[in-house]
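We're numbering straight along the sequence, starting at 1. Given the structure is predicted, the values throughout are model-derived calculations rather than measurements.
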Amino acid sequence: MKRPEKEAVVAQLTEQFRNADAVYLTEYRGLTVPQISDLREKLGRDTSYTVAKNTLARIAAKEAGIDGLDEILAGPTAITFVKGDFIEAAKVIRDFAKENKALVIKGAAADGTVYDAEGAVKLADLKSRPQLLAEFAGDVKATMAKAAYLFNALPTKAVRTIDALREKQEKAA
């Protein structure tokens, strides 16, 4: 590859690193073209699965402000650039790696943090944004229901106490 071509590839990779919400690094050696196509399809439209030279990827990552990928970018590496919910992409990659032993998860970078292989797999165990929002909404609803019960209980208890006092006074009279 000539120097202008390398510069163009680095510029393109740098732009992808900057625009991605997360980056997953995998070793793809041993996967067939249909398997890679299947993985790309499962990852969806907001994700790109790219094979790049490690040296160019290192340069692009540093230009994009991501440090710590140098050790992970060794050997045959495919880069998954994720836009949007990166937890879902982590789950897809983890599940695909379980089905296809040739895919090896090497690491990830998300929210300004670089993760090793174990950390990248643990990202898949996190709850997705929609799940967290649903749980939060349920917690808020439950809290509001408890508050409504308490606000209703105080006047009800006061009325019952006043009624009991009135009955007691009527019996005494």
Fill in: Note, Lys91 side chain near Arg94 side chain (heavy atom, < 4.5 Å)
yes

Practice prompt. Report the distance from atom CG of Asp46 to atom CG of Asp21, rounding to the nearest 0.5 Å.
Written response: 9.5 Å

Item to complete: Identify whether the distance between the nearest side-chain nitrogen and carboxylate oxygen of Asp163 and Arg166 falls below 4.0 Å.
Response: yes

Item to complete: Taking all non-hydrogen atoms of both residues into account, name the closest pair between Ala90 and Tyr24 and its distance.
Response: CB-OH, 3.2 Å

Worksheet item: Out of curiosity, does Val82 fall in the hydrophobic cluster containing Ile36 (side-chain heavy atoms, cut-off under 4.5 Å, transitive links)?
Response: yes

Worksheet item: Would a distance-only check, ignoring hydrogens and angles, find a side-chain to backbone donor-acceptor pair under 3.5 Å from Arg18 to Gly65?
Response: no

Discussion item. Using the rule given for side chain to side chain contact (heavy atoms under 4.5 Å, CB included), can you reason through Thr14 versus Ile59, listing the C-alpha separation, both sets of side-chain angles and the distance that settles it, and then say yes or no?
Written reply: CA-CA 8 Å; Thr14 302; Ile59 294 167; over 6 Å; no

Item to complete: Answer with yes or no whether the hydrophobic clustering places Val104 together with Tyr49; edges join I, L, V, M, F, W, Y residues whose side-chain heavy atoms lie under 4.5 Å apart.
Response: no

Response to the item:
CG (Leu31) and CG (Leu39) are apart, to the nearest 0.5 Å, by 7.5 Å

Worksheet entry | Partners meeting ring pair (Phe, Tyr, Trp, His ring centres under 6.0 Å) with Phe17 (sequence neighbours left out) | Phe81

Worksheet, complete the sentence: Closest heavy-atom pair, Ile72 versus Tyr115, reported as atoms and distance to 0.1 Å, is CD1-O, 3.6 Å

Worksheet entry | Glu118 with Lys122: basic N within carboxylate O range, under 4.0 Å | yes

Discussion item. Testing the basics here: between Ala89 and Leu43, what is the closest heavy-atom pair and its distance to 0.1 Å?
Written reply: O-CD2, 4.0 Å

Response to the item:
For Thr77 and Lys106 the tightest heavy-atom approach is OG1-NZ, 2.7 Å

Practice prompt. With rounding to the nearest 0.5 Å, note down the distance linking CD in Glu170 to CD in Glu167.
Written response: 7.0 Å

Worksheet entry | Inter-residue atom distance Lys53.NZ - Leu73.CG, 0.5 Å rounding | 13.5 Å

Item to complete: Could you walk me through whether Val114 and Asp67 pass side chain to side chain contact (heavy atoms under 4.5 Å, CB included), step by step?
Response: CA-CA 8 Å; Val114 175; Asp67 293 322; over 6 Å; no

Worksheet item: What distance separates Thr26 OG1 from Ile79 CD1, expressed to the nearest 0.5 Å?
Response: 9.0 Å

Discussion item. Tell me the closest heavy-atom pair linking Gly30 and Ala102, and the distance in Å.
Written reply: C-CB, 3.8 Å

Worksheet item: Closest approach of Lys42 and Glu99, non-hydrogen atoms and distance?
Response: NZ-OE1, 3.5 Å

Worksheet entry | Criterion side chain to side chain contact (heavy atoms under 4.5 Å, CB included) on Gln35 and Phe96, from CA distance to verdict | CA-CA 9 Å; Gln35 287 173 322; Phe96 192 85; 4.2 Å; yes

Discussion item. Around atom CD of Glu7, are there more than 12 heavy atoms from other residues, nucleotides or ligands closer than 6.0 Å?
Written reply: yes

Fill in: Straight-line distance of Ile93 CD1 to Leu123 CG, nearest 0.5 Å
10.0 Å

